[in-house]
**Q** 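Below is a structure I'd like to ask you about.
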Amino acid sequence: MNLLANTLRDRRQKLATLIDFPTILWSGGSSPRNFPANGFPFRASSHFLYFAGLPLPNAAIRLEAGKLELFMDDPAPSSALWHGEMPKREEIAQTIGADAAQPISELASRVEGAATIAVQNAITWTQQTQLMSRWVLPQSQPEGIDLELAKAIVSLRLTHDAAALAELRQAANVSVAAHKAGMAATASANIAAEVRAAMESVLIAHNMTTAYNSIVTVHGEVLHNEHYHHPIQPGDLLLADVGGETTTGWAADITRTWPVSGKFSSTQRDIYDVVLAAHDACIDQMRPGVEYSEIHLLAATVIAEGLVNLGILQGNPQDLVAIDAHALFFPHGIGHLLGLDVHDMEDLGDLAGYEKGRTRSDRFGLGYLRLNRPLRPGMLVTIEPGFYQVPAILNDAKNRSKYHDVVNWKRLSQFADVRGIRIEDDVLVTDTGSEVLTAALPNDAESVENLSRG
Ligand code: GLY
Ligand code: MN
Ligand code: MN
């Protein structure tokens with residue numbers, strides 16, 4: 001049996017030890033862009049990819065007691081004209097080690113008693129709902145055996161096997177090269193789009209896609225900025241959050257922030273070093289058994305301490321974190337699970353991210369924490385502290401009054417050239433500590449300056 005088939009067999013056999021009912025998972029299909037023959041790029045459902053290994057459009061698999069049945073149609077004879085000769089169902093079944101393979105029309109007779117997970121693709125979701133004769137709602141907590149299945153899949157996908165790690169390392173390595181290319185392209189670029197192009201061209205040249213919409217911007221304070229038209233000018237910081245995805249769906253997620261001129265101003269450098277200190281302190285603490293929420297609070301404390309030292313915040317760092325003063329500048333969580341999805345398994349809400357019995361905090365400084373579990377060997381998470389001057393937060397009247405005495409607003413105004421800084425790496429929890437899969441991309445200020453000078 002080939003390597004892929006072995007891996008997939010191990011995964012479904014592990015699933016069979018956790019549940020005693022069948023599972024059906026759909027891959028999804030391409031969504032029309034403006035008419036059916038002109039579709040958005042197809043992205044298979046991650047749960048399907050985990051057990052089927054290949055991004056097969058319009059396919060489904062049925063898993064039971066460690067066996068895999070593949071359901072998909074052979075390409076129509078006319079499709080060869082437009083798409084070339086494609087592998088037939090039987091060949092694919094062999095590649096993935098399926099125990100049986102049938103046309104998709106046969107699936108209807110195999111759904112009885114099966115659990116499923118809602119696919120994101122709307123057309124497939126409609127078929128899924130009709131065939132299962134029940135509502136399986138994307139973006140809401142599954143119920144009954146669907147919930148049991150979701151929990152079983154979460155327990156498998158929370159930690160990565162050797163085949164997954166090989167893919168994740170590949171995604172990380174190519175994404176590192178993309179960031180280096182982006183830094184090198186900055187000196188001769190006029191607008192952010194040129195830097196984005198340099199970065200994504202590395203992913204494309206390695207036959208990867210982006211794992212999420214790239215953020216490449218001089219407005220890093222807009223957390224998910226997807227505009228690329230802004231001019232980049234000396235004095236600006238450029239924030240690039242770009243990660244690749246392998247052909248079988250495994251992701252990387254990296255952010256670097258560098259000076260357009262090739263040299264941080266003294267205020268930019270001061271804040272950069274605070275964010276880097278938080279990043280390094282977090283990674284230093286990562287090992288099995290450590291609570292990820294403690295890692296988040298550590299980042300918050302190091303940032304608060306750094307801002308006190310710079311005269312921006314006033315008070316004791318722990319006390320400042322207790323009243324969420326750090327969140328004025330670091331409003332998001334320290335990171336998240338990473339795997340087949342950039343926020344792994346976030347289609348299941350907080351089922352993957354939050355340990356049983358835990359729910360999101362409504363605190364300003366904790367509410368956006370996407371992962372709240374003890375770390376375990378084989379988990380891959382991001383560590384991504386940041387500092388942002390978000391006008392909607394800093395100009396908010398309630399914040400202004402609540403934090404009136406702990407922020408030195410006059411001092412803060414001297415840091416106007418720091419709109420947004422984030423440093424994000426992908427960190428694997430090992431048996432004894434951690435390994436930074438993206439370590440080949442430097443993050444200290446001098447190295448970043450050197451790389452951005454081309
Ligand atoms: N790239 C999205 C994130 O960092 O969470
Ligand atoms: Mn991230
Ligand atoms: Mn990111």
Side-chain angles (χ1 to χ4, degrees), residues 43 46 158 160 168 171-180 182-183 192 195-196 199-200 202-203 208-217 219-228 237-246 249-258 275-276 278-279 282-283 286 292-293 295-296 299 327 330-350 352-354 360 366-373 375 379-388 390 420-429 434 436-439 441 443 448:
R43 197 340 177 127
S46 295
L158 260 185
H160 296 298
L168 289 161
N173 291 342
V174 173
S175 303
V176 165
H179 277 258
K180 286 183 177 166
M183 292 180 194
V195 179
R196 175 194 179 199
M199 299 182 82
E200 294 193 6
V202 174
L203 305 180
M208 290 193 183
T209 58
T210 49
Y212 51 91
N213 294 339
S214 300
I215 301 164
V216 183
T217 183
H219 286 285
E221 78 280 10
V222 181
L223 294 186
H224 283 174
N225 199 328
E226 290 179 7
H227 298 290
Y228 312 100
L237 290 176
L238 191 71
L239 184 153
D241 185 342
V242 176
E245 178 176 300
T246 68
W250 298 89
D253 183 11
I254 306 180
T255 308
R256 288 292 182 271
T257 310
W258 61 85
V275 176
L276 185 62
H279 167 280
C282 290
I283 293 176
M286 285 188 52
Y292 193 74
S293 56
I295 301 281
H296 173 77
F330 171 44
H332 60 72
I334 188 61
H336 48 84
L337 294 165
L338 179 63
L340 280 164
D341 309 301
V342 62
H343 293 172
D344 213 22
M345 298 177 276
E346 209 170 275
D347 64 313
L348 301 172
D350 281 336
Y354 274 58
R360 293 253 182 166
L366 290 174
Y368 290 116
L369 189 57
R370 294 189 145 88
L371 175 59
N372 188 343
R373 284 181 181 272
L375 297 174
M379 274 185 178
L380 181 63
V381 304
T382 66
I383 290 294
E384 50 179 306
F387 171 96
Y388 315 88
V390 183
I421 292 177
R422 177 163 66 256
I423 306 170
E424 176 174 30
D425 279 297
D426 302 345
V427 187
L428 176 69
V429 183
S434 70
V436 181
L437 299 193
T438 46
L441 186 63
N443 52 29
V448 164

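Indexing begins at 1, ligand by ligand and atom by atom, following the structure's order.
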**Q** Could you verify whether a donor N or O on one side chain and an acceptor N or O on the other, from Thr438 and Asp425, lie under 3.5 Å apart?
**A** yes
**Q** Run the ring-ring contact (aromatic ring centres under 6.0 Å, His included) test against His343 and tell me which residues pass, sequence neighbours left out.
**A** His336
**Q** List-wise, which protein N, O or S atoms are found short of 2.8 Å from the Mn ion (ligand 2)?
**A** Asp253 OD2, His336 NE2, Glu384 OE2, Glu424 OE2
**Q** Starting at CG of Leu276, measure out to OG1 of Thr257 and round the result to the nearest 0.5 Å.
**A** 11.0 Å
**Q** Can you tell me how far the NE2 atom of His296 sits from the CG atom of Leu371, to the nearest 0.5 Å?
**A** 11.5 Å
**Q** Using only heavy-atom distances, determine whether the side chains of Ser46 and Asp341 contain a donor-acceptor pair under 3.5 Å.
**A** yes
**Q** Under 3.5 Å, is there a donor-acceptor pair between the Thr255 and Glu384 side chains?
**A** no
**Q** Which protein residues have a heavy atom closer than 4.0 Å to any atom of ligand 1, listed by chain and number?
**A** Tyr212, Asp241, Asp253, His336, His343, Glu384, Glu424
**Q** Pick from Leu428, Val429, Val427: which one makes a side chain to side chain contact (heavy atoms under 4.5 Å, CB included) with Ser434?
**A** Val427
**Q** List the residues meeting ring-ring contact (aromatic ring centres under 6.0 Å, His included) with Tyr368, not counting sequence neighbours, and say none if there are none.
**A** none
**Q** Counting C-beta onward and ignoring hydrogens, is there a side-chain heavy-atom pair between Tyr388 and Arg422 closer than 4.5 Å?
**A** yes
